[in-house]
Amino acid sequence: MIAGPGAGDDALAEAIARFSKGTGWPVLADATSSLRGHEGLDPIAHFDALLRAPSFADGHRPEAVLQLGATPVSKSLRLWLEAHEPSVYLRVDPGGGFEPSRLASDTLRAEPVRLLGDLSALLESPRQRSLEWSRAFVAANERAHGLLQEELACARALVSPVVALALARSLPDDGLLYAANSLAVRDLDTCLRERAGQRVLCNRGANGIVGKVSSALGAAAAGQGPVALLCGDLAFLHDVGGLLAAHRLGLRLVCVVLNDDGGGIFSHLPIAKQGQAVGFEALFRTPHGLELGPAAELYGARYERCESAEALRIALKGAWARSESTVIEVPIDPTRDLSFSTRILDRLRAALAA
(Lines give C-alpha, C1' and ligand atoms only; values in the text may rest on other atoms or scores of the structure.)
Protein backbone atom coordinates (compact mmCIF):
# COMPACT_ATOMS: atom_id res chain seq x y z
CA MET A 1 0.00 0.00 0.00
CA ILE A 2 1.14 3.53 -0.77
CA ALA A 3 -0.13 6.51 1.23
CA GLY A 4 0.64 9.78 -0.52
CA PRO A 5 0.11 13.43 0.38
CA GLY A 6 -3.23 14.25 1.94
CA ALA A 7 -4.12 10.62 2.64
CA GLY A 8 -4.32 10.70 6.40
CA ASP A 9 -6.78 11.26 9.19
CA ASP A 10 -7.62 9.13 12.23
CA ALA A 11 -10.47 7.24 10.55
CA LEU A 12 -8.39 6.43 7.48
CA ALA A 13 -5.39 5.43 9.61
CA GLU A 14 -7.58 2.90 11.43
CA ALA A 15 -9.01 1.59 8.15
CA ILE A 16 -5.53 1.23 6.64
CA ALA A 17 -4.29 -0.57 9.76
CA ARG A 18 -7.12 -3.11 9.56
CA PHE A 19 -6.62 -3.69 5.85
CA SER A 20 -2.83 -4.00 6.22
CA LYS A 21 -3.23 -6.50 9.05
CA GLY A 22 -5.76 -8.49 7.07
CA THR A 23 -3.69 -8.64 3.89
CA GLY A 24 -0.15 -8.64 5.26
CA TRP A 25 0.68 -5.71 2.97
CA PRO A 26 3.20 -3.12 4.19
CA VAL A 27 2.19 0.56 4.09
CA LEU A 28 4.69 2.94 2.46
CA ALA A 29 3.65 6.31 3.92
CA ASP A 30 4.87 9.64 2.57
CA ALA A 31 5.72 12.20 5.27
CA THR A 32 2.90 14.42 3.98
CA SER A 33 0.35 11.60 4.34
CA SER A 34 0.16 12.50 8.07
CA LEU A 35 -0.04 8.75 8.80
CA ARG A 36 3.35 8.12 10.32
CA GLY A 37 3.25 7.27 14.01
CA HIS A 38 -0.48 6.55 14.30
CA GLU A 39 -1.32 4.06 17.05
CA GLY A 40 -1.95 0.64 15.55
CA LEU A 41 -0.31 1.63 12.28
CA ASP A 42 3.46 1.37 11.89
CA PRO A 43 4.06 2.30 8.25
CA ILE A 44 7.35 2.04 6.41
CA ALA A 45 8.76 5.55 6.87
CA HIS A 46 12.18 5.06 5.27
CA PHE A 47 11.08 3.43 2.02
CA ASP A 48 12.78 6.11 -0.09
CA ALA A 49 16.19 5.11 1.30
CA LEU A 50 15.40 1.39 1.07
CA LEU A 51 14.45 1.64 -2.59
CA ARG A 52 17.74 3.41 -3.35
CA ALA A 53 19.51 0.19 -2.33
CA PRO A 54 19.57 -2.03 -5.47
CA SER A 55 19.73 -5.29 -3.49
CA PHE A 56 16.50 -4.44 -1.68
CA ALA A 57 14.67 -2.75 -4.57
CA ASP A 58 15.40 -5.54 -7.05
CA GLY A 59 14.69 -8.23 -4.46
CA HIS A 60 11.26 -6.87 -3.62
CA ARG A 61 9.22 -6.50 -6.79
CA PRO A 62 5.58 -5.54 -6.25
CA GLU A 63 2.77 -7.58 -7.78
CA ALA A 64 -0.08 -5.33 -6.68
CA VAL A 65 -0.28 -1.74 -5.41
CA LEU A 66 -3.12 0.14 -3.75
CA GLN A 67 -2.45 3.90 -3.58
CA LEU A 68 -4.28 6.37 -1.36
CA GLY A 69 -3.72 10.10 -1.61
CA ALA A 70 -1.69 12.01 -4.18
CA THR A 71 1.63 11.02 -5.78
CA PRO A 72 4.39 10.70 -3.12
CA VAL A 73 7.45 12.91 -3.29
CA SER A 74 9.87 9.96 -3.48
CA LYS A 75 11.63 9.62 -6.82
CA SER A 76 13.10 6.24 -5.87
CA LEU A 77 9.56 4.91 -5.30
CA ARG A 78 8.48 6.03 -8.77
CA LEU A 79 11.57 4.52 -10.40
CA TRP A 80 11.05 1.26 -8.51
CA LEU A 81 7.47 1.01 -9.71
CA GLU A 82 8.45 1.88 -13.28
CA ALA A 83 11.27 -0.70 -13.30
CA HIS A 84 9.10 -3.45 -11.78
CA GLU A 85 5.66 -2.61 -13.11
CA PRO A 86 2.98 -4.24 -10.92
CA SER A 87 0.32 -6.40 -12.55
CA VAL A 88 -2.33 -4.39 -10.70
CA TYR A 89 -1.99 -0.76 -9.61
CA LEU A 90 -5.18 0.67 -8.11
CA ARG A 91 -5.38 4.33 -7.20
CA VAL A 92 -8.17 5.40 -4.85
CA ASP A 93 -9.42 8.89 -5.64
CA PRO A 94 -13.02 9.87 -4.82
CA GLY A 95 -12.81 12.84 -7.20
CA GLY A 96 -11.21 10.97 -10.10
CA GLY A 97 -8.53 13.64 -10.52
CA PHE A 98 -5.51 13.73 -12.81
CA GLU A 99 -2.82 11.17 -12.01
CA PRO A 100 0.51 12.76 -13.03
CA SER A 101 2.72 9.72 -12.56
CA ARG A 102 0.66 7.67 -15.08
CA LEU A 103 1.54 4.49 -13.20
CA ALA A 104 -1.94 3.46 -12.08
CA SER A 105 -3.76 0.83 -14.15
CA ASP A 106 -7.14 1.84 -12.69
CA THR A 107 -8.62 4.65 -10.59
CA LEU A 108 -11.30 3.84 -8.03
CA ARG A 109 -13.70 6.73 -7.40
CA ALA A 110 -14.52 5.49 -3.93
CA GLU A 111 -14.48 6.87 -0.40
CA PRO A 112 -11.28 5.33 1.06
CA VAL A 113 -12.47 4.55 4.61
CA ARG A 114 -15.62 2.80 3.39
CA LEU A 115 -13.76 0.96 0.64
CA LEU A 116 -11.09 -0.40 2.98
CA GLY A 117 -13.73 -1.28 5.57
CA ASP A 118 -15.75 -3.29 3.04
CA LEU A 119 -12.63 -5.04 1.73
CA SER A 120 -11.38 -5.84 5.24
CA ALA A 121 -14.69 -7.50 6.06
CA LEU A 122 -14.10 -9.96 3.21
CA LEU A 123 -10.55 -10.88 4.20
CA GLU A 124 -9.44 -14.07 5.85
CA SER A 125 -5.98 -14.67 7.32
CA PRO A 126 -3.16 -13.23 5.20
CA ARG A 127 -1.04 -15.59 3.12
CA GLN A 128 2.32 -16.62 4.53
CA ARG A 129 4.03 -15.11 1.51
CA SER A 130 2.42 -11.74 2.21
CA LEU A 131 3.49 -11.88 5.85
CA GLU A 132 7.08 -12.64 4.86
CA TRP A 133 6.99 -9.77 2.34
CA SER A 134 5.74 -7.36 5.00
CA ARG A 135 8.27 -8.54 7.60
CA ALA A 136 11.10 -7.93 5.13
CA PHE A 137 10.01 -4.29 4.74
CA VAL A 138 9.61 -3.84 8.49
CA ALA A 139 13.03 -5.32 9.24
CA ALA A 140 14.72 -3.18 6.57
CA ASN A 141 12.86 -0.09 7.80
CA GLU A 142 14.12 -0.69 11.35
CA ARG A 143 17.66 -1.09 10.08
CA ALA A 144 17.41 2.15 8.12
CA HIS A 145 15.93 3.95 11.13
CA GLY A 146 18.76 2.77 13.37
CA LEU A 147 21.43 3.92 10.92
CA LEU A 148 19.72 7.27 10.44
CA GLN A 149 19.36 7.92 14.17
CA GLU A 150 22.98 7.00 14.71
CA GLU A 151 24.14 9.43 12.03
CA LEU A 152 21.84 12.21 13.27
CA ALA A 153 23.11 11.79 16.83
CA CYS A 154 26.73 11.91 15.68
CA ALA A 155 26.36 14.94 13.41
CA ARG A 156 28.72 17.61 14.71
CA ALA A 157 27.34 20.37 12.52
CA LEU A 158 23.79 21.27 11.53
CA VAL A 159 22.76 19.36 8.42
CA SER A 160 19.29 19.81 6.99
CA PRO A 161 17.77 16.50 8.28
CA VAL A 162 18.86 17.42 11.83
CA VAL A 163 17.11 20.79 11.48
CA ALA A 164 13.97 19.23 9.99
CA LEU A 165 13.70 16.71 12.82
CA ALA A 166 14.31 19.37 15.49
CA LEU A 167 11.52 21.52 14.05
CA ALA A 168 9.09 18.59 13.82
CA ARG A 169 9.78 17.58 17.42
CA SER A 170 9.32 21.15 18.66
CA LEU A 171 5.79 21.53 17.31
CA PRO A 172 2.93 21.68 19.82
CA ASP A 173 0.60 18.67 19.72
CA ASP A 174 -1.98 20.60 17.70
CA GLY A 175 0.66 22.10 15.41
CA LEU A 176 0.86 21.87 11.64
CA LEU A 177 4.11 21.60 9.72
CA TYR A 178 4.21 23.14 6.26
CA ALA A 179 7.09 21.95 4.07
CA ALA A 180 8.45 23.69 1.01
CA ASN A 181 9.38 21.59 -1.97
CA SER A 182 12.97 20.72 -2.90
CA LEU A 183 15.14 19.54 0.01
CA ALA A 184 12.76 20.60 2.81
CA VAL A 185 10.02 18.04 2.13
CA ARG A 186 12.60 15.39 1.26
CA ASP A 187 14.39 15.94 4.57
CA LEU A 188 11.10 15.38 6.38
CA ASP A 189 10.41 12.32 4.24
CA THR A 190 13.83 10.99 5.26
CA CYS A 191 13.73 11.52 9.01
CA LEU A 192 10.15 12.00 10.24
CA ARG A 193 8.66 8.94 11.89
CA GLU A 194 7.68 9.03 15.53
CA ARG A 195 5.23 11.93 15.96
CA ALA A 196 1.82 10.30 16.03
CA GLY A 197 -0.56 11.81 13.50
CA GLN A 198 1.53 14.91 12.93
CA ARG A 199 -0.08 17.01 10.22
CA VAL A 200 2.28 17.80 7.35
CA LEU A 201 1.31 19.84 4.30
CA CYS A 202 3.22 20.64 1.13
CA ASN A 203 2.16 22.37 -2.08
CA ARG A 204 4.81 21.50 -4.59
CA GLY A 205 3.96 24.13 -7.21
CA ALA A 206 4.92 24.35 -10.85
CA ASN A 207 8.57 25.05 -10.11
CA GLY A 208 8.77 24.05 -6.48
CA ILE A 209 9.24 27.40 -4.73
CA VAL A 210 6.07 29.36 -5.46
CA GLY A 211 4.10 30.91 -2.59
CA LYS A 212 5.41 28.89 0.35
CA VAL A 213 5.27 31.65 2.98
CA SER A 214 1.79 32.68 1.84
CA SER A 215 0.55 29.08 1.85
CA ALA A 216 1.76 28.48 5.41
CA LEU A 217 0.16 31.73 6.56
CA GLY A 218 -3.04 30.67 4.80
CA ALA A 219 -3.10 27.56 6.97
CA ALA A 220 -2.56 29.76 10.03
CA ALA A 221 -5.41 32.07 8.96
CA ALA A 222 -7.70 29.04 8.54
CA GLY A 223 -7.26 28.24 12.22
CA GLN A 224 -5.20 25.12 11.68
CA GLY A 225 -3.43 25.57 15.01
CA PRO A 226 0.19 26.69 15.45
CA VAL A 227 1.95 26.55 12.07
CA ALA A 228 5.62 26.11 11.20
CA LEU A 229 7.19 26.42 7.77
CA LEU A 230 10.36 24.59 6.75
CA CYS A 231 11.83 26.01 3.57
CA GLY A 232 15.03 26.81 1.75
CA ASP A 233 16.47 30.26 1.23
CA LEU A 234 15.30 30.57 -2.39
CA ALA A 235 11.72 29.64 -1.47
CA PHE A 236 11.81 32.17 1.37
CA LEU A 237 13.18 34.96 -0.80
CA HIS A 238 10.75 34.17 -3.62
CA ASP A 239 7.74 34.76 -1.34
CA VAL A 240 9.16 36.92 1.45
CA GLY A 241 6.39 39.43 0.74
CA GLY A 242 3.95 36.88 2.08
CA LEU A 243 5.07 37.92 5.57
CA LEU A 244 3.01 41.07 5.05
CA ALA A 245 -0.10 38.94 5.72
CA ALA A 246 1.25 38.03 9.15
CA HIS A 247 1.89 41.69 9.89
CA ARG A 248 -1.53 42.90 8.68
CA LEU A 249 -3.68 40.08 10.06
CA GLY A 250 -1.85 39.36 13.29
CA LEU A 251 -0.95 35.81 12.28
CA ARG A 252 1.88 33.79 13.80
CA LEU A 253 4.27 31.66 11.79
CA VAL A 254 7.48 29.97 12.88
CA CYS A 255 9.57 29.91 9.70
CA VAL A 256 12.81 27.90 9.67
CA VAL A 257 14.95 28.70 6.64
CA LEU A 258 17.61 26.22 5.53
CA ASN A 259 20.08 28.67 3.99
CA ASP A 260 22.55 26.94 1.72
CA ASP A 261 22.93 30.12 -0.36
CA GLY A 262 21.13 28.87 -3.43
CA GLY A 263 19.59 25.69 -4.78
CA GLY A 264 21.31 23.05 -2.70
CA ILE A 265 19.21 20.23 -4.14
CA PHE A 266 21.07 20.52 -7.45
CA SER A 267 24.23 19.32 -5.72
CA HIS A 268 22.38 16.00 -5.24
CA LEU A 269 21.57 15.66 -8.96
CA PRO A 270 23.69 14.32 -11.85
CA ILE A 271 24.00 17.81 -13.38
CA ALA A 272 26.41 18.75 -10.56
CA LYS A 273 29.08 16.51 -12.12
CA GLN A 274 29.10 18.70 -15.23
CA GLY A 275 30.52 21.61 -13.23
CA GLN A 276 31.57 24.70 -15.09
CA ALA A 277 30.93 23.04 -18.45
CA VAL A 278 27.25 23.88 -17.90
CA GLY A 279 27.78 26.88 -15.62
CA PHE A 280 26.61 24.85 -12.64
CA GLU A 281 27.22 27.47 -9.94
CA ALA A 282 25.65 30.40 -11.76
CA LEU A 283 22.76 28.62 -13.47
CA PHE A 284 21.83 25.80 -11.08
CA ARG A 285 23.20 26.53 -7.61
CA THR A 286 22.39 30.25 -8.12
CA PRO A 287 24.08 31.66 -4.99
CA HIS A 288 22.69 35.04 -3.92
CA GLY A 289 24.83 36.09 -0.94
CA LEU A 290 21.95 38.00 0.68
CA GLU A 291 21.32 38.50 4.38
CA LEU A 292 17.86 37.29 5.39
CA GLY A 293 17.54 39.17 8.67
CA PRO A 294 16.64 42.61 7.23
CA ALA A 295 13.96 41.04 5.01
CA ALA A 296 12.30 39.36 8.00
CA GLU A 297 12.46 42.47 10.17
CA LEU A 298 11.02 44.60 7.35
CA TYR A 299 7.70 42.83 7.91
CA GLY A 300 7.83 42.95 11.70
CA ALA A 301 8.96 39.35 12.20
CA ARG A 302 11.51 38.46 14.84
CA TYR A 303 14.73 37.13 13.33
CA GLU A 304 17.29 34.70 14.73
CA ARG A 305 20.27 32.96 13.21
CA CYS A 306 21.29 29.57 14.62
CA GLU A 307 24.58 27.82 13.99
CA SER A 308 24.33 24.99 16.55
CA ALA A 309 21.77 22.41 17.63
CA GLU A 310 21.51 24.01 21.08
CA ALA A 311 20.96 27.47 19.64
CA LEU A 312 18.24 26.05 17.39
CA ARG A 313 16.53 24.32 20.31
CA ILE A 314 16.46 27.55 22.32
CA ALA A 315 15.25 29.59 19.34
CA LEU A 316 12.39 27.19 18.63
CA LYS A 317 11.30 27.15 22.26
CA GLY A 318 11.23 30.95 22.28
CA ALA A 319 9.42 31.14 18.95
CA TRP A 320 6.52 28.99 20.15
CA ALA A 321 6.24 31.06 23.34
CA ARG A 322 5.74 34.44 21.64
CA SER A 323 2.80 35.79 19.70
CA GLU A 324 4.56 37.34 16.71
CA SER A 325 6.08 35.52 13.75
CA THR A 326 9.67 34.34 13.91
CA VAL A 327 12.12 33.65 11.11
CA ILE A 328 14.95 31.32 12.14
CA GLU A 329 17.81 31.12 9.67
CA VAL A 330 20.06 28.05 9.80
CA PRO A 331 23.20 28.20 7.63
CA ILE A 332 23.69 24.91 5.76
CA ASP A 333 26.89 23.80 4.04
CA PRO A 334 25.66 22.06 0.83
CA THR A 335 28.84 19.98 0.56
CA ARG A 336 28.47 18.70 4.13
CA ASP A 337 24.76 18.04 3.52
CA LEU A 338 25.53 15.98 0.43
CA SER A 339 28.23 14.01 2.25
CA PHE A 340 25.81 13.25 5.10
CA SER A 341 23.15 11.89 2.73
CA THR A 342 25.69 9.90 0.73
CA ARG A 343 27.17 8.33 3.86
CA ILE A 344 23.77 7.15 5.11
CA LEU A 345 22.86 5.63 1.74
CA ASP A 346 26.26 3.92 1.40
CA ARG A 347 25.93 2.40 4.89
CA LEU A 348 22.39 1.26 4.21
CA ARG A 349 23.26 -0.30 0.86
CA ALA A 350 26.09 -2.22 2.51
CA ALA A 351 23.87 -3.34 5.40
CA LEU A 352 21.06 -4.55 3.15
CA ALA A 353 23.44 -6.34 0.80
CA ALA A 354 25.14 -8.23 3.65
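Here the structure is a predicted model, which is why all the values come from computation and not from measurement. Throughout, residue positions are numbered sequentially from 1 according to the sequence presented.
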Checklist entry - Between R313 and E310, does at least one N-O distance fall below 4.0 Å, as a salt bridge requires? => result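 Looking at E310 together with R313, the answer is yes, because their closest N to O distance falls below 4.0 Å.
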Item to check | Pair R336 + D260, salt bridge at N-O below 4.0 Å | outcome: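 No.
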Counting C-beta onward and ignoring hydrogens, is there a side-chain heavy-atom pair between [X] and [Y] closer than 4.5 Å?
X: F236; Y: N259; answer: no
X: R186; Y: N181; answer: yes
X: H84; Y: D58; answer: yes
X: S323; Y: R252; answer: no
X: R91; Y: L108; answer: no
X: L167; Y: L171; answer: yes
X: L298; Y: L243; answer: no
X: L283; Y: V278; answer: no

How close do [X] and [Y] get, heavy atom to heavy atom, and via which atoms?
X: V227; Y: A216; result: CG1-O, 3.6 Å
X: A70; Y: Q67; result: O-NE2, 3.4 Å
X: P226; Y: D174; result: CD-OD1, 3.5 Å
X: S33; Y: A29; result: OG-CB, 3.7 Å
X: L148; Y: C191; result: CD2-CA, 3.7 Å
X: R18; Y: G117; result: NH2-CA, 4.5 Å

Report the distance from atom [atom1] of [X] to atom [atom2] of [Y], rounding to the nearest 0.5 Å.
X: L116; Y: R114; atom1: CG; atom2: CZ; result: 12.5 Å
X: L258; Y: I328; atom1: CG; atom2: CD1; result: 11.0 Å
X: C255; Y: L229; atom1: SG; atom2: CG; result: 4.5 Å
X: S120; Y: K21; atom1: OG; atom2: NZ; result: 11.0 Å
X: L66; Y: T23; atom1: CG; atom2: OG1; result: 9.0 Å
X: D233; Y: L290; atom1: CG; atom2: CG; result: 9.0 Å

Group every Ile, Leu, Val, Met, Phe, Trp and Tyr by side-chain heavy-atom contacts under 4.5 Å, then state whether [X] and [Y] land in the same group.
X: L123; Y: M1; answer: yes
X: I344; Y: I332; answer: yes
X: V113; Y: I16; answer: yes
X: Y299; Y: V254; answer: no
X: V27; Y: L12; answer: yes

Next on the checklist: Is a donor from one side chain sitting under 3.5 angstrom from an acceptor on the other, for D337 and S160?
Outcome noted: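 Result is yes, a qualifying pair exists.
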When you measure from the side chain of [X] to the backbone of [Y], do you find a donor-acceptor pair of N or O atoms at a distance under 3.5 Å?
X: R52; Y: L345; result: no
X: N141; Y: A45; result: yes
X: D30; Y: A3; result: no
X: S215; Y: G211; result: yes
X: T32; Y: V200; result: no
X: T326; Y: R302; result: no

Checklist entry - Going by the side chain to side chain donor-acceptor pair (under 3.5 Å) test, which pairs reach into residues 343-354, not counting sequence neighbours? => result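 Every pair satisfying side chain to side chain donor-acceptor pair (under 3.5 Å) with a residue in residues 343-354: E150-R347, E151-R343, E151-R347, D346-R349.
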Next on the checklist: Other residues, nucleotides and ligands only: do more than 12 of their heavy atoms fall within 6.0 Å of NE2 on H288?
Outcome noted: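 Enclosed.
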Checklist entry - Run the side chain to side chain donor-acceptor pair (under 3.5 Å) check on D239 and S214 step by step: do they pass? => result CA-CA 7 Å; D239 191 33; S214 299; 2.9 Å; yes
Next on the checklist: Using a 4.5 Å cut-off between side-chain heavy atoms of Ile, Leu, Val, Met, Phe, Trp and Tyr, which other residues end up in the same hydrophobic cluster as W133?
Outcome noted: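 Listed partners: I2, L28, I44, F47, L50, L51, F56, V65, L77, W80, L81, Y89, L103, F137, V138, L147, L348, L352.
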Item to check | Option from V256, V163, L316, L312 for which side chain to side chain contact (heavy atoms under 4.5 Å, CB included) with C306 holds | outcome: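 Result for side chain to side chain contact (heavy atoms under 4.5 Å, CB included) with C306: L312.
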Next on the checklist: Here's a test for you: under side chain to side chain donor-acceptor pair (under 3.5 Å), which of E329, E297, E291 qualifies with Y303?
Outcome noted: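 Testing each of E329, E297, E291 against Y303, the sole residue satisfying side chain to side chain donor-acceptor pair (under 3.5 Å) is E329.
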